[in-house]
Amino acid sequence: MDQDWSVPGWAVLSVLLALVLLVAVLVVALLRIRARTTASLLAARTDAAALQAQVDAIEARLAAQAHQHERTTRDEQEYVITRLGEDRPEPEQAPAPVVGGPLFADLVLRESAVQGAALAAGLRRALAPESRHRIRHAMKREVKRSRKQRRTDLRRARRQAA
């Protein structure tokens with residue numbers, strides 16, 4: 001066997017060397033990016049810890065102020081069991097006018113009579129022969145329409161099945 005290569009040896013070695021250098025550059029770049037990311041993450045964690053400490057300090061200060069305020073209002077508050085000796089407050093709304101017994105009965109009976117008369121008039125109108133005829137005619141027309149539709153649907157279904 002002869003060692004005749006179609007590509008010169010120095011070309012193969014130079015391509016291999018270029019690939020090794022490219023891989024080395026990529027590894028170095030990757031390590032730098034990873035180091036920057038780690039540093040950024042560490043900085044973010046320290047900032048978050050500092051902010052959490054500030055929030056805790058503010059919460060503690062507000063809780064102390066609220067506790068102090070609660071204590072002072074509790075001490076200043078006077079407990080009164082009765083309202084004896086105080087003036088009665090004026091009512092905000094005027095009381096409803098008082099209606100006498102006979103007038104109230106008249107109003108109730110009149111309202112009931114009006115409602116009863118309206119019901120009777122409505123029933124009389126609804127049960128009138130004209131209304132019943134109109135309703136009967138509309139029902140017949142609807143029954144005919146639904147039968148016709150059913151027959152049409154049946155014919156269409158038979159055509160599709162066949």
Side-chain angles (χ1 to χ4, degrees), residues 22-23 25-162:
L22 180 65
V23 169
V25 167
L26 288 175
V27 168
V28 168
L30 181 65
L31 290 175
R32 283 185 180 178
I33 290 172
R34 189 170 179 180
R36 271 190 254 144
T37 304
T38 305
S40 297
L41 183 61
L42 184 61
R45 284 183 182 164
T46 57
D47 288 345
L51 288 174
Q52 184 63 40
Q54 285 180 352
V55 168
D56 291 341
I58 291 170
E59 284 179 350
R61 188 175 60 221
L62 288 176
Q65 287 177 355
H67 183 66
Q68 180 66 25
H69 179 67
E70 181 182 306
R71 191 180 313 146
T72 57
T73 55
R74 202 178 317 144
D75 293 342
E76 293 173 359
Q77 188 177 12
E78 182 179 328
Y79 294 100
V80 179
I81 296 174
T82 63
R83 301 277 181 210
L84 190 62
E86 292 181 7
D87 293 332
R88 286 189 175 183
E90 294 295 322
E92 295 177 7
Q93 296 178 351
V98 177
V99 179
L103 181 60
F104 179 74
D106 180 48
L107 289 173
V108 170
L109 289 175
R110 189 178 305 159
E111 183 68 26
S112 299
V114 168
Q115 286 181 355
L119 178 64
L123 283 174
R124 186 171 45 248
R125 183 173 177 201
L127 296 177
E130 301 89 31
S131 295
R132 291 193 325 246
H133 176 68
R134 187 181 69 246
I135 292 169
R136 188 179 315 117
H137 180 67
M139 287 299 297
K140 282 183 183 179
R141 191 173 53 221
E142 178 63 24
V143 167
K144 284 181 184 179
R145 187 202 63 78
S146 67
R147 283 181 189 158
K148 187 176 179 181
Q149 181 67 39
R150 221 175 306 134
R151 273 189 246 120
T152 305
D153 291 344
L154 183 62
R155 287 183 192 133
R156 186 180 302 131
R158 284 181 183 165
R159 268 188 248 126
Q160 287 177 355

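Residue numbers start at 1 and run along the sequence shown.
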By side chain to side chain donor-acceptor pair (under 3.5 Å) - contacts of [X] (at least two apart):
| X | result |
| --- | --- |
| E142 | R145 |
| Q52 | D56 |
| R110 | D106 |
| Q160 | none |

>> Just to verify, what does V108 make a side-chain contact (heavy atoms from CB on, under 4.5 Å) with, not counting sequence neighbours?
In response: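 Checked V108 against side-chain contact (heavy atoms from CB on, under 4.5 Å); matches are F104, S112.
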
>> Taking side-chain contact (heavy atoms from CB on, under 4.5 Å) as the definition, give me every residue that meets it alongside V143, ordered by chain and number, with sequence neighbours left out.
In response: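 side-chain contact (heavy atoms from CB on, under 4.5 Å) check on V143 returns R147.
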
Could you tabulate the donor-acceptor pairs under 3.5 Å formed by side-chain atoms of residues 123-130, not counting sequence neighbours?
none

> Got R136 and H133 here, is their nearest side-chain heavy-atom distance under 4.5 Å?
Replying inline: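 Answer yes - side chains close enough.
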
> Is there side-chain contact between I58 and R61, with at least one heavy-atom pair below 4.5 Å?
Replying inline: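 When only atoms from C-beta onward are counted, R61 and I58 do touch, with a gap below 4.5 Å.
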
Please report, to 0.1 Å, the donor-acceptor pairs under 3.5 Å made by any side chain of residues 33-50, with sequence neighbours excluded.
residue, atom, partner, partner atom, Å
T37, OG1, I33, O, 2.8
T38, OG1, R34, O, 2.8
S40, OG, R36, O, 3.0
T46, OG1, L42, O, 3.3
T46, OG1, A43, O, 2.7

> Got a second to check how far T152's OG1 is from Q149's CD, nearest 0.5 Å?
Replying inline: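 Those atoms lie 5.5 Å apart.
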
> Pairs in or reaching into residues 150-159: which pass salt bridge (Lys or Arg N to Asp or Glu O under 4.0 Å), with residues at least two apart or in two chains?
Replying inline: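 Pairs touching residues 150-159 that pass the test: D153-R156.
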
